[in-house]
Amino acid sequence: MGPTTRARFVHNRRRRRRRGPYAVPDDDDEEEDQQEASSSSSSSDEGEEDAEEEGSGEVDDDEGEAAEPSGKEEEVSPVAAAARSGRKASITISLKKVCKVCKSTGHEAGFKGAVYIDCPRKPCFLCKMPGSDTLHCHTTLTCPHRVAMEHGVIPASRRNTNTSLDYVFQSQVKGKIPMVKPQFLIPNQLECGNIKFHQRRVTCLEFHPTKNNVLLSGDKKGLLGVWDYVKLHEKITYDSLHSCILNSMKFDTTNDGLLYTASSDGTISSTDLDTGIGSSLLNLNPNGWNGPSTWRMIYGMDFNSDKGLLLVADSFGFLHLLDRRLKARIGDPILIHKKGSKVTSLHCNPAQPEVLLSSGNDHYARIWDTRKLEPNSAFASLAHGRVVNSGYFSPQSGNKILTTCQDNRIRVWDYIFGNLESPSREIVHSHDFNRHLTPFKAEWDPKDHTETVAVIGRYISENYNGIALHPIDFIDTSTGKLLAEVMDPDITTISPVNKLHPRDDILASGSSRSIFIWKPKTESDATEERNREKAKEFVYGSGSRKKSNGKHENSSDDDSDGSCDGKKKKKAKKTRFTHTIKGKGKSKV
DNA sequence: AATGAATGAGCCC
DNA sequence: TGGGCTCCCTTCAT
């Protein structure tokens with residue numbers, strides 16, 4: 001914590017608190033104001049200490065501080081801080097624990113070992129209900145949705161239940177779903193990991209539609225990687241397709257070799273993967289950079305195979321239609337989300353390609369008929385609590401909708417032609433984020449005929465025997481039940497990008513700059529693992545939440561991978577990848 | 001080991 | 001409507 005931070009801290013005491021949809025009640029601010037006035041003593045536990053803080057003036061209790069390992073904030077001279085802020089030195093000294101989140105005393109937030117201790121004054125980080133110091137409330141650690149994930153479902157408040165239409169819908173849905181659910185294998189065993197193939201974080205993944213072991217990946221720099229994860233050394237990268245974030249990839253369903261890519265540079269590229277020849281299909285910024293207010297970025301894209309149409313949405317709320325053969329735009333752009341707001345994703349219905357689902361920063365997901373597109377002609381507008389990261393029709397019947405919203409809820413609509421006023425289910429799940437990460441997107445398992453299983457990375461960590469890990473969650477969207485948590489003690493980073501193989505039981509995940517391939521555990525894997533665990537006195541994947549003192553062991557991730565990477569770097573600049581992990585028996589150098 | 005930067009949405013004025 | 005400020009479990013490089 002630097003001196004400037006300290007200065008900001010002093011300054012911040014005057015700030016207005018942000019009020020989100022689930023913001024804590026007002027008394028929080030009032031209390032803070034009282035502290036500022038330092039006149040009346042607060043009724044809270046911290047009151048005494050606050051008074052001490054404000055009143056004690058120049059004295060710094062160094063002796064008391066020495067025993068406080070986490071009292072970093074106090075080490076900075078307030079005089080220096082004040083000097084930097086250009087004001088006369090008004091000395092603010094905290095003697096006791098200071099919460100780095102709410103800046104008040106008496107408690108501390110942050111990691112204690114692998115367990116994150118919440119600030120009791122803040123909303124639950126998972127379900128966003130008010131913090132534990134307010135009436136009837138809890139912190140993230142004790143959130144009912146966390147303790148038992150299967151209780152994370154909030155049933156929809158369906159006013160029109162039991163209408164005759166509902167029965168019709170139900171029977172129609174049921175008619176399309178095979179009654180016998182095939183055995184579902186969770187790809188929970190780390191097969192291989194490719195390290196620093198990408199120089200920036202992975203933003204999208206896609207399996208090749210016909211070549212079974214080929215995975216494509218895009219990153220924040222616009223690099224496209226094509227990788228055969230069985231023949232580990234077969235890798236091709238394209239670095240000149242895009243100049244920044246590769247947001248979406250789609251194969252031409254009529255030509256497997258043709259890949260369309262959408263980027264925040266405002267262009268759509270078409271690349272022939274057999275010849276490596278690429279061409280630009282669309283450029284929304286033909287006049288170059290004229291500042292952020294005019295720069296158009298492309299996030300959502302999908303391909304309508306019936307019409308040979310490419311649907312593209314920009315960061316100003318507009319939808320563009322593109323004829324693939326003519327390589328020309330069709331008609332004028334149409335406003336499909338709030339003007340000036342980002343359209344985050346597009347998806348054509350697999351059963352009826354003219355039906356389009358769009359998601360946006362304007363807190364809505366919308367269903368459109370692309371045959372009669374006009375502004376405000378949406379078939380339905382699905383309201384969400386915050387930004388909608390993604391929306392997908394179910395992969396086979398196209399009858400369901402799955403959305404991921406930054407209000408930490410996954411929403412499911414069971415029948416798109418039914419009552420869409422409110423979702424059939426809301427599933428509380430941690431996937432909101434604050435900058436720096438690729439947005440989380442819950443995605444259907446394309447192989448699941450029952451159209452219930454979805455996969456999504458988890459933001460908040462769980463303490464798995466002393467290591468804070470961020471699992472990749474498999475969720476039963478019909479019940480909200482957590483089917484599986486996929487993680488590995490060597491992967492301590494968050495995996496926001498996940499893709500399930502269209503035919504095999506394989507999961508590809510993108511975590512920061514690395515890509516990982518997961519397969520189901522075989523019997524021998526399981527035995528081997530049990531033995532290893534025994535040896536290590538380490539019960540992996542039990543989901544038990546024991547206290548421990550190992551914080552994020554990020555170093556373990558970097559240790560072997562980084563050193564390997566370093567050696568590779570000397571050899572060849574471009575071939576930075578090829579380091580693989582098989583299983584979890586990693587030897588540290 | 002501490003620190004800062006990259007970076008986007010929400011909210012306030 | 002736009003600029004400015006803030007933010008909670010990041011990640012990585014220096």
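For the numbers below, each heavy atom of this structure counts, side chains included, while hydrogens, waters and symmetry mates do not. It should be emphasised that the depicted structure is a prediction, and the values quoted were computed from it without experimental measurement. Numbers restart at 1 for each chain; the letters A, B, ... are given by sequence-line order, proteins then strands.
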Trainee: Starting from C1' on C/dC9, measure out to OH on A/Y464 and report it in whole angstrom.
Mentor: 14 Å
Trainee: For C/dC8, does the glycosidic angle fall within 90° of 0 (syn) or outside that (anti)?
Mentor: syn
Trainee: A/I460 near the nucleic acid: base, sugar-phosphate alone, or nothing, with a heavy-atom cut-off under 4.0 Å?
Mentor: base
Trainee: State, to 0.1 Å, how close A/H431 and A/G457 come at their nearest heavy-atom pair, and which atoms those are.
Mentor: CB-O, 4.3 Å
Trainee: Report which part of the nucleic acid A/N361 touches: base, sugar-phosphate, or nothing (heavy-atom distance under 4.0 Å, all strands).
Mentor: sugar-phosphate
Trainee: Calculate the interatomic distance between A/K128 atom NZ and C/dC7 atom P; express it in whole Å.
Mentor: 15 Å
Trainee: Tell me which nucleotide among B/dG10, B/dA6, C/dC9 gets nearest to the side chain of A/H363.
Mentor: B/dG10
Trainee: Taking NZ from A/K221 and C1' from C/dC12, how many angstroms apart are they, rounded to a whole number?
Mentor: 14 Å
Trainee: Within the 4.0 Å heavy-atom criterion, would you say A/K339 contacts the bases, only the backbone, or no part of the nucleic acid?
Mentor: nothing
Trainee: Over all strands shown, is A/F433 touching base, sugar-phosphate only, or nothing at heavy-atom distances under 4.0 angstrom?
Mentor: nothing
Trainee: Defining pairs by Watson-Crick or G-U wobble geometry with both distances under 3.5 Å, how would you list the stems of DNA chain B with at least three pairs each?
Mentor: B:2-6 with C:10-14, B:8-13 with C:2-7
Trainee: Can a cation-pi geometry be assigned to A/K112 and A/Y116, taking NZ or CZ under 6.0 Å from the six-membered ring centre and within 45° of the ring axis?
Mentor: no
Trainee: Would you indicate which nucleotide in C/dT11, B/dA9, C/dT10 comes nearest to any side-chain atom of A/T493?
Mentor: C/dT11
Trainee: Rounded to whole angstroms, how far apart are CG on A/N408 and P on B/dA9?
Mentor: 16 Å
Trainee: Say we look at C/dC8 and B/dC12: how far apart would their P atoms be, to the nearest angstrom?
Mentor: 16 Å
Trainee: Name the nucleic acid region contacted by A/S293, choosing base, sugar-phosphate or nothing; use a 4.0 angstrom heavy-atom cut-off, strictly under.
Mentor: nothing
Trainee: Has the side chain of A/S263 got a donor or acceptor atom that lies under 3.5 Å from a matching backbone atom of A/I245?
Mentor: yes
Trainee: Give me the atom names and distance for the closest heavy-atom approach of A/P496 to A/G510.
Mentor: CD-O, 3.3 Å
Trainee: Please give, in whole Å, the distance from B/dG10 C1' to A/K122 NZ?
Mentor: 13 Å
Trainee: Which of the following nucleotides, C/dT10, C/dC7, C/dC9, is nearest to the side chain of A/L437?
Mentor: C/dT10
Trainee: Among C/dC9, C/dC12, B/dG8, which nucleotide has an atom closest to any side-chain atom of A/R435?
Mentor: B/dG8
Trainee: Let me know the distance between CG of A/D362 and C1' of B/dG10, rounded to the nearest Å.
Mentor: 15 Å
Trainee: Which heavy-atom pair separates A/L482 from A/I475 by the least distance, and what is that distance?
Mentor: CD1-CG1, 4.1 Å
Trainee: For the side chain of A/K220, starting at C-beta, report the closest nucleotide among B/dG10, B/dT7, C/dC9.
Mentor: B/dT7
Trainee: OP1 or OP2 of C/dT10 versus the side-chain N and O atoms of A/R513: is any pair under 4.0 Å?
Mentor: no
Trainee: Please confirm whether the shortest side-chain N or O distance from A/K342 to OP1 or OP2 of B/dA9 is below 4.0 Å.
Mentor: yes
Trainee: Test the A/R296-A/F316 pair against the cation-pi criterion, namely NZ or CZ under 6.0 angstrom from the six-membered ring centroid and within 45° of the ring axis.
Mentor: yes
Trainee: Can you tell me the distance, in whole Å, between the CZ atom of A/F440 and the P atom of B/dG8?
Mentor: 15 Å
Trainee: Could you work out which one of C/dC8, C/dA13, B/dA9 sits closest to the side chain of A/R386?
Mentor: B/dA9
Trainee: Compute both the distance and the angle, then confirm whether A/K235 meets the cation-pi test with A/F197: under 6.0 Å from the six-membered ring centre, within 45 degrees of the axis.
Mentor: yes
Trainee: Starting at NZ of A/K112 and ending at C1' of C/dC9, how long is that distance when rounded to a whole Å?
Mentor: 14 Å
Trainee: Given C/dC8, B/dT7, B/dG8, which nucleotide is nearest the side-chain atoms of A/I245?
Mentor: B/dG8
Trainee: So which nucleotide from C/dC8, B/dA9, C/dT10 ends up closest to the side chain of A/I494?
Mentor: C/dT10
Trainee: So, A/H470 side chain and A/Y459 main chain: donor-acceptor pair closer than 3.5 Å or not?
Mentor: yes
Trainee: Using modelled atom types and a 3.5 Å cut-off, is there a donor and acceptor pairing between side-chain atoms of A/R366 and backbone atoms of A/I336?
Mentor: yes
Trainee: Which nucleotide in the set C/dT11, C/dC8, B/dT7 lies at the smallest distance from any side-chain heavy atom of A/H436?
Mentor: B/dT7
